[in-house]
Structure formats: structure tokens, C-alpha cells
Amino acid sequence: MAWLAMCLLACLALPGHAQTQVPAQVEPLRLDAASSMRERNFDGHLQAYHDRTGLLTREQVASPDHAQRFETLPGAFNGGYARGAWWVRFQIEASPEQVARPLEEGWWLRLNAPYVDYLDVWWPDAEAGASGGFTHRALGGMRAGSKRELPWSIPATRLPDLRDTQPRWVWVRLAGDRSLSLAGGVSPLREMATVQQELNFADAGVVGMALLMAVVSLMMGIALPDRRFIAYAGYLVTLGLLFASSEGMPASLWLQDSPVAAVRLHNFSVCLHTAAAFGFARVLLDMERQFPRMNRVFQVVTLLCFAACALAIAGWYGRVARPLNLLWVVFAACIVPMCALAMRRNIQAWPGLVGYALYLMTGAVHFAKNLQWLPYTMVTQYSYAIGSILHIMAFFFALGWRVRHRERRALTLSLRHRARLAQRVHQRTRDLRQEIAQHHRTHDQLALALREQRGLLAMVSHEFRTPLGTIGGSAQILSDDRLALAREEVRKEAEKISRTVFRMRDLVDTLLADEWLDASSNNLHLAPLELAVFLREKIEEHNEGAAGGRISLQLDARELPVLADETLMHIALDNLLTNAIKYAPPHSPVRVRAGIRRGPADEPEVRIEVCDEGPGFMPQDLTHVFERFYRAAGVRRIPGIGLGLHMVHRIATVHGGGVVASNGPSEGAVLTLTLPLLDGADPSQTPGAIGLPLPERGGRR
């Protein structure tokens, strides 16, 4: 602290000076509409001279004795807090195009001097020539804005229309208690309006953001409650007031005829915001607990800043301006290490601390510019505005982060109680959940049984009605003595009854086979089975019977070893071959092809394809052909109960295989049965693939 006090006294003793001065001859500013705005700025065109007495007139400083003391500035002018007055001069000249065709709205002198109390401008009369008289305009913060040519926050005055291309000097005098700086250039009126509009939008955005965040922070501080949010709300209000008054918003909007009140409001806002910054730092860093010694220092400095507020209102801001700006720089140098130390103690506080340190550093750049330690640039001039935006955004995130951290702690405690309660509830509801699951399974089974029962009733009513009608009609004929039937006619009726009974017995056997399959699917008798030999036997059996030699066999491998239940394989292959014979046209061929192929999982498997030339499957039937009792609407005239393909699917599934229905390339149906190849078998005999997907057509089953 002793070292900081010595630095403060040494810096207060430093004299004010302008930017690094480089003697050179300046180029005139050309009034040329074809040039860019940057080319018409003051940078590199200004010369400055410090009048320590503040009593020299324009005629005196224009005399050869003083004129040679002007020195060229490399950029904009930054005079800092200086006693007396600063004189700045530059030359203007009209381009030949401007002389020939003057702008309708004229050229305007754009003077960006936000903190200058007294700003006087002299330019030569256009009618008097290059060495004639001068016109004077009084601008600055201490002059009424309503008397300006343009009542904007940027001081501006219209230049005369020059009649020749001769360069002419323009003189500017700057004086006051606040920081003296000057930037700008010459612009047409439309360009001036654009610059002012962009500035108004930026000012309104920053002030609005600060006030909105102040309201949000205040509401959060009251709701939580948390004094950090309340302190931050007050801090943001002072920040919004400082930015608005620094950019001349009160002077251009409400205090146009009260320039003294507008200037003192700005001086007061600087002192008040400095006090709020120190006060908020105490609360944010919890200095009472973490930094008790620095807390006492900050308390004293805060009280001194409040005393400076009273001096600013009384009009004595010039006596405290330099120490106040220096205090900001020292404040930033102290607060950044303290923020880093606080982050080590509480890592959860990093968003707010980083945002605050960021704003302090950017603010320190701005005030170092006011103290002439840094040159006047757009970055140093508006560093506090840039810092304000970044600082507000950082604290907006910090607010949410802090609330989230508090919610996490509350949620952790809540989760502990919730876990205990959930455990008890889980124990008590476990039986209920099991009962509900069992109820759902029972319901699904009942729904399936009901659906199958309806299918069975529909099948029985359809399939048994016709045979019974045939038997009844034949029996009535045989029992009618009036017909006096011959022996041959009696034999025909008896054969009709016999065929009908055989059909009904076949239907009953199919139903019993399905029930037997349900009982035996969980008790398989698996044994190695050579399907190549098995297929030959089954096809010969069917060819000698109903097929009449229509079934052909193509083997793509000499051996087709599988692990299967031989009885179930009989049922599956019988149903596949019977299904093809039943639905194919009479005397049409039925082709059976078997071989070994690679399955989807790249495992070898045995595939058996049964192809016929029947009507094939309708697209809407392909997903239902393997359901129990399902029959397509177009084939119900053909005898059947819809169990054949269902049993094939069941048998393939219990053996780890599958069955797929598709349509042939031209006509007919293709049923592909796949079974896993017996472990240890050699699939090297396998040729190309079979059972490729084929276009769908027709409809049946």
C-alpha cells in the first residue's frame, strides 16, 4: 500500500502533455466527395500548441511568433487534463470538382470532442480569400446545444463553399476541466447523419443493456436473496448513467439549454461510478472475510469518491479529475490479482470475477488515455464502452452460473431425500409392477387366443360347411327309395362321401398337427440330418402321389448337413411342397433348389427354394402369410385353413432359421427356407447366391 501511495503521488506530479510530437509539414484536408471518410479524417493533418495561460487569442497564436511553436501530431489530438488551453489547427482545400460543383448541403466540420467544455472554431470567410477574415463558432459541453447548427451529440458546424483550391487554415481552441481530446474530420451532411445515427444506436444499445441487466439483477437479488445481485444492480445503474452522460445523451436530449447541468451530471456520474465500482468489488470478492485489510482501504476510497461527487456537483471536478482517473488505473492493478486469488479459493466464482477484471482492465486503458499514458485512438477512447459490453455479457453469464450453482447444491440435498423415498416407493411398488406386467402378458395372450379362436371359427364354418353339405346330400339320395338307384350310382355317391370324409379328416389332422407342434417345439430331438438325401426322398414321395412327377430338384452342393428334428422337417417340407402343388396350375412344374450360401451375418446356411407358377402373393399379403389361420381374400375358394406356412415358419424359427415369401421374376411364388449349416461342415462347395429378391406380383394363400 505504501508503494501504491508513492506511485499515486508521482503520477499526480507528472505534467500533462500531448501525444508524441513529430515535427512535419501537414497536408491539407481536401473537400472531395470522391474520397473516403478515412481520407478526410484529422489523423496526420493536425498541429497543436499548448497555451498554458489560456488567455491567447486566435490572432496571437496565428502570429509568426506562436505559429512556429505548433507541432504536427501523428494521429488525433489528446491533451489530457491540462491547465490553460490547447490550440489545434489544420488546413482545408477544395478539390477542382468541389469548386466547379459545390455540394448542395455543403461540407461540415465533424468535431468529436466528448469531454471538452469550451470548443471554439475559426475558419476563413469564403468571400475574403485565403488571407481574409475568420468566422467563429462557439461549441463544447458548456455551450447550449440548442444554439448549435445541428443539435447532435457530435459537435458540427458547416464550412463555407470555397471559391478556389487555395488551402485555408482552420483553428480550434479546447479548454475545460475535463479530458481534452479531438478527433473527427470533414464530411457531407448525409455522412454526418450516418455517423450520428450509428453512434446513437450504439449508445442506446449499451445503456439499454446496462439498465435491463440492472433490473434483472435486482429482481434476482430480491428473489434469492443475494446481496451480490443487488450491489451489481446499483453498479450497472451508475454504469448506464456514466455512459449516457459521456456520450452527451442528456445534453442532446433533455439538457440542451442547461449545458452546465449536463457537464456536472457527467462529472458526478464519473465519481459515482468509481464509488460504485469500489463498493461492488468489496461485495463481489467478499473482502470482509477474504481480504480484511484491503476491505478497509476500499471503504476509505469509496467514501472519498462520494466526497468527490459533492465536489463535482459544486463545479470543482477539475481538482479531482486527475486523481480520480489515476485511482481507476491503480484500482485495476490491485483488483486483478485479488480476483485471481479469489478464484483459487472458490473456483465457482470465476465467471463474475473474470468479467469484472475484464471491465476494469478496459476501463484502465480508457483512463490511462485520459492521463496521456496512451495515445488517442478509437480503441482507447471507447475502451470503456467495449469493456462495458463484455463486462455486462460476462456478468449475465455469471448470474446464471451462480444461480445454477446454488440450485445444484439444493438439488443435491433434494436428490438424497428423493433417493431414499424412491427406494421405499420402489420396494412397495415392485410387486404391483410385476402384477401389472403379468396382467399385460395375460391380456396379450388372451387377445391372441381370441383372435385365433375367431380365425378358427371362421375356418371351421367355411371349410366344414361344404363337406357336411355334400355328405348330407349324398346320404339323402341314398336313403330315398323312390329314386331306385342303380348299383353304379350308389357307388358314385359312396365315393363322394368317402372323398369328403377324407378331406375333413385331413383338416382335423392339420389342426392336431398344429397342436402337436405347440407341444413339441419346446422338446426338440435334434440330430445331424443330411437334407440332400432327405429332399430327394420327400420329392419322390410327392411325385408318386398328388404331384404326378411335376416336382424337380436342383442341388448346388453335394451335401447339406444340418442339425434338426427329423419329424419336424417332414412336416415343414410336406407343407412347402403341398402348398406349391395346391396353388399352382395343373401340370405346371414345381422347382426346388437347395444349396449353401452366406447369410446376413456372414455365416454359412442351407437355403431351400420352392418355386411354382401360381398367382403369387399380393403386396399386402406378404407380411401376413405366416400368421395362423391367415388366408388371402382371393384364394379362399381353394381348400385350406391357413396353417401350412404358419407351421413352416414355426419349425424354421425353433431351428434357428427362417422362411421368406416372395414372388418370382415372371410369375409364381417363391418360398425360401433357411437353416443353419451343421458346425464343422465345409461350405467350400458353395456356388453363386440363390433366393435373390424378386418383384412382387399376383396374390394368393
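Position 1 is the first residue of the sequence, and the numbers go up from there.
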Locate the shortest heavy-atom distance separating S179 from Y81; write the atom from each residue and the value. N-CE2, 3.3 Å
Going by the salt bridge (Lys or Arg N to Asp or Glu O under 4.0 Å) test, which pairs reach into residues 170-190, not counting sequence neighbours? D117-R178
Where at least one partner belongs to residues 92-113, residue pairs that pass salt bridge (Lys or Arg N to Asp or Glu O under 4.0 Å), sequence neighbours excluded: R30-E93
Could you tell me whether the side chains of Q98 and W107 share a donor-acceptor contact shorter than 3.5 Å? yes
The single option from T194, L150, L103 passing side chain to side chain contact (heavy atoms under 4.5 Å, CB included) against L189: L150
Partners passing side-chain hydrogen bond (donor to acceptor under 3.5 Å, both in side chains) against T165 (at least two apart in sequence or in another chain): none
Please assess F90 against L109 for the test side chain to side chain contact (heavy atoms under 4.5 Å, CB included), listing each intermediate value before the final yes or no. CA-CA 12 Å; F90 56 91; L109 195 60; 3.5 Å; yes
Ignoring hydrogens and geometry beyond distance, is a side-chain donor-acceptor pair present between H266 and S245 at under 3.5 Å? no
Ring pair (Phe, Tyr, Trp, His ring centres under 6.0 Å) partners of residues 281-326, not counting sequence neighbours, each pair once: F278-F298, F298-F331
Across all chains, not counting sequence neighbours, the side chain to side chain contact (heavy atoms under 4.5 Å, CB included) partners of V215 are M219
Flag side-chain contact, heavy atom, 4.5 Å: N112 against P114: yes
Who are the side-chain hydrogen bond (donor to acceptor under 3.5 Å, both in side chains) partners of T53, not counting sequence neighbours? D51
